[in-house]
Amino acid sequence: IFPANITLVLKAGVNLLLKPGVNIFIRGVVRILGTAAKPVSISPFSEEGPWGVFAVVGAHGTSVVRHLVLSGGSAGWVSGMFFTGQANFFHADVDVEDSTFTRAHGDDGLNVKRGRVDILRSRFVDNISDGFDGDFIEGKISDSVITNNGGDGLDFAGSQVIVKDTYFSGMGDKAISIGEKSSVVVYNSVVRDSTIGIASKDLSKTRIFSTALIG
């Protein structure tokens with residue numbers, strides 16, 4: 001648990017191996033500065049089981065996540081809050097680029113609540129349930145790949161989001177779930193081979209342009 005307003009910086013090549021039940025909890029900005037040659041990795045220490053959660057709460061400023069490979073986390077309580085994702089940003093803005101969220105054992109590979117998010121060239125693959133969950137957020141997801149998640153690929157509630165140039169396949173539930181009065185635009189994307197392609201519900205408004213729905 002980091003003190004309030006402390007910035008956590010993970011430089012290129014950092015590899016964190018976390019044991020079961022270990023959490024990282026930050027009340028400040030995070031700067032994860034991996035590169036294509038030297039990504040930052042956060043993963044399980046061993047095959048004993050998943051680690052806990054990586055959580056950023058109430059940051060004053062925008063966190064940056066570049067070239068991160070995050071895998072093998074779960075869900076749980078930290079400091080009186082329950083986090084459903086292996087990575088979580090609550091009341092915190094974040095820019096994500098060229099990163100992978102995979103093998104999450106909780107509800108979400110990445111969960112953002114009440115913040116702004118911009119996700120570019122990233123992957124949400126092989127998570128037990130949802131790839132990405134956004135609750136009451138604003139932002140954009142583009143040039144990304146979302147495949148083989150057990151639940152939804154993208155799950156939005158009360159959010160305003162643009163999804164463009166993104167490929168979806170092999171979801172156990174919905175490729176894109178849009179609910180709780182969300183407003184979502186899906187543009188120039190491919191949605192295929194999922195139980196449900198795109199679901200718009202709970203007074204949401206969804207617009208789909210130049211997008212293929214297959215299988």
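Counting begins at 1 with the first residue of the sequence. Worth knowing before you read on, the calculation uses all heavy atoms, side chains too, and leaves out hydrogens, waters and symmetry mates.
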Please check if [X] and [Y] belong to a single hydrophobic cluster, counting links between Ile, Leu, Val, Met, Phe, Trp and Tyr side chain heavy atoms closer than 4.5 Å.
X	Y	answer
Val56	Ile24	yes
Phe136	Val94	no
Ile146	Val190	no
Leu16	Val30	yes
Leu33	Phe54	no

Answer yes if the side chains of Ser129 and Asp107 hold a donor-acceptor pair under 3.5 Å, and no otherwise.
no

With a 4.5 Å limit on heavy-atom distance, are the side chains of [X] and [Y] in contact?
X	Y	result
Phe45	Leu18	no
Ile119	Leu110	yes
Pro20	Trp51	no
Asn15	Leu17	yes
Glu138	Val161	no
Asp135	Ile137	no
Asn127	Phe132	no
Asp152	Ile176	no

Please name all residues satisfying side-chain contact (heavy atoms from CB on, under 4.5 Å) with [X], sequence neighbours left out, ordered by chain then number.
X	result
Thr62	Asp93, Asp95, Arg116
Asp143	Leu120, Arg121, Asp165
Thr35	Ala12, Ala37, Lys38
Ser71	Ser43, Pro44, Thr102, Arg103

What pairs of residues pass the ring pair (Phe, Tyr, Trp, His ring centres under 6.0 Å) test when at least one of them lies in residues 151-191, not counting sequence neighbours?
none

Kindly state each residue pair satisfying ring pair (Phe, Tyr, Trp, His ring centres under 6.0 Å) with at least one member in residues 93-112, sequence neighbours excluded.
Phe101-Phe124

Worked check of side chain to side chain contact (heavy atoms under 4.5 Å, CB included) between Phe89 and Val65:
CA-CA 11 Å; Phe89 290 82; Val65 177; 4.1 Å; yes

Clusters formed by hydrophobic residues whose side-chain heavy atoms approach within less than 4.5 Å: which one holds Val53, and what are its other members?
Ile1, Phe25, Val57, Val78, Met81, Phe83, Phe90

Please give the remaining members of the hydrophobic cluster of Val125, linking ILVMFWY side chains under 4.5 Å, ordered by chain and number.
none

For Leu154 and Ile141, what are the C-alpha separation, side-chain angles and deciding distance, and is it a side chain to side chain contact (heavy atoms under 4.5 Å, CB included)?
CA-CA 10 Å; Leu154 301 177; Ile141 298 171; 3.8 Å; yes

Reported CZ-to-OG distance for the pair Arg66 and Ser122, which is rounded to 0.5 angstrom:
12.0 Å

Can you list every pair that meets side chain to side chain donor-acceptor pair (under 3.5 Å) and has a residue in residues 20-31, with sequence neighbours left out?
none

Between the side chain of Ser204 and the main-chain N/O of Ser182, is any donor-acceptor distance below 3.5 Å?
yes

Between Ser74 (side chain) and Gly106 (backbone), is there a donor-acceptor pair under 3.5 Å?
no

Tabulate below the donor-acceptor pairs under 3.5 Å that side-chain atoms of residues 207-215 make, not counting sequence neighbours, or state none.
from, atom 1, to, atom 2, distance (Å)
Thr211, OG1, Asn188, N, 3.4
Thr211, OG1, Ser189, N, 3.3
Thr211, OG1, Phe209, O, 2.8

May I have the list of side-chain donor-acceptor pairs in residues 2-9 shorter than 3.5 Å, sequence neighbours left out?
none

Name all pairs fulfilling the salt bridge (charged side-chain N to carboxylate O under 4.0 Å, His left out) condition that reach into residues 178-206, sequence neighbours left out, sorted by first residue then second.
none

For Ile42 and Leu68: C-alpha separation, side-chain torsions, deciding distance, then whether side chain to side chain contact (heavy atoms under 4.5 Å, CB included) applies.
CA-CA 8 Å; Ile42 303 176; Leu68 168 67; 4.1 Å; yes

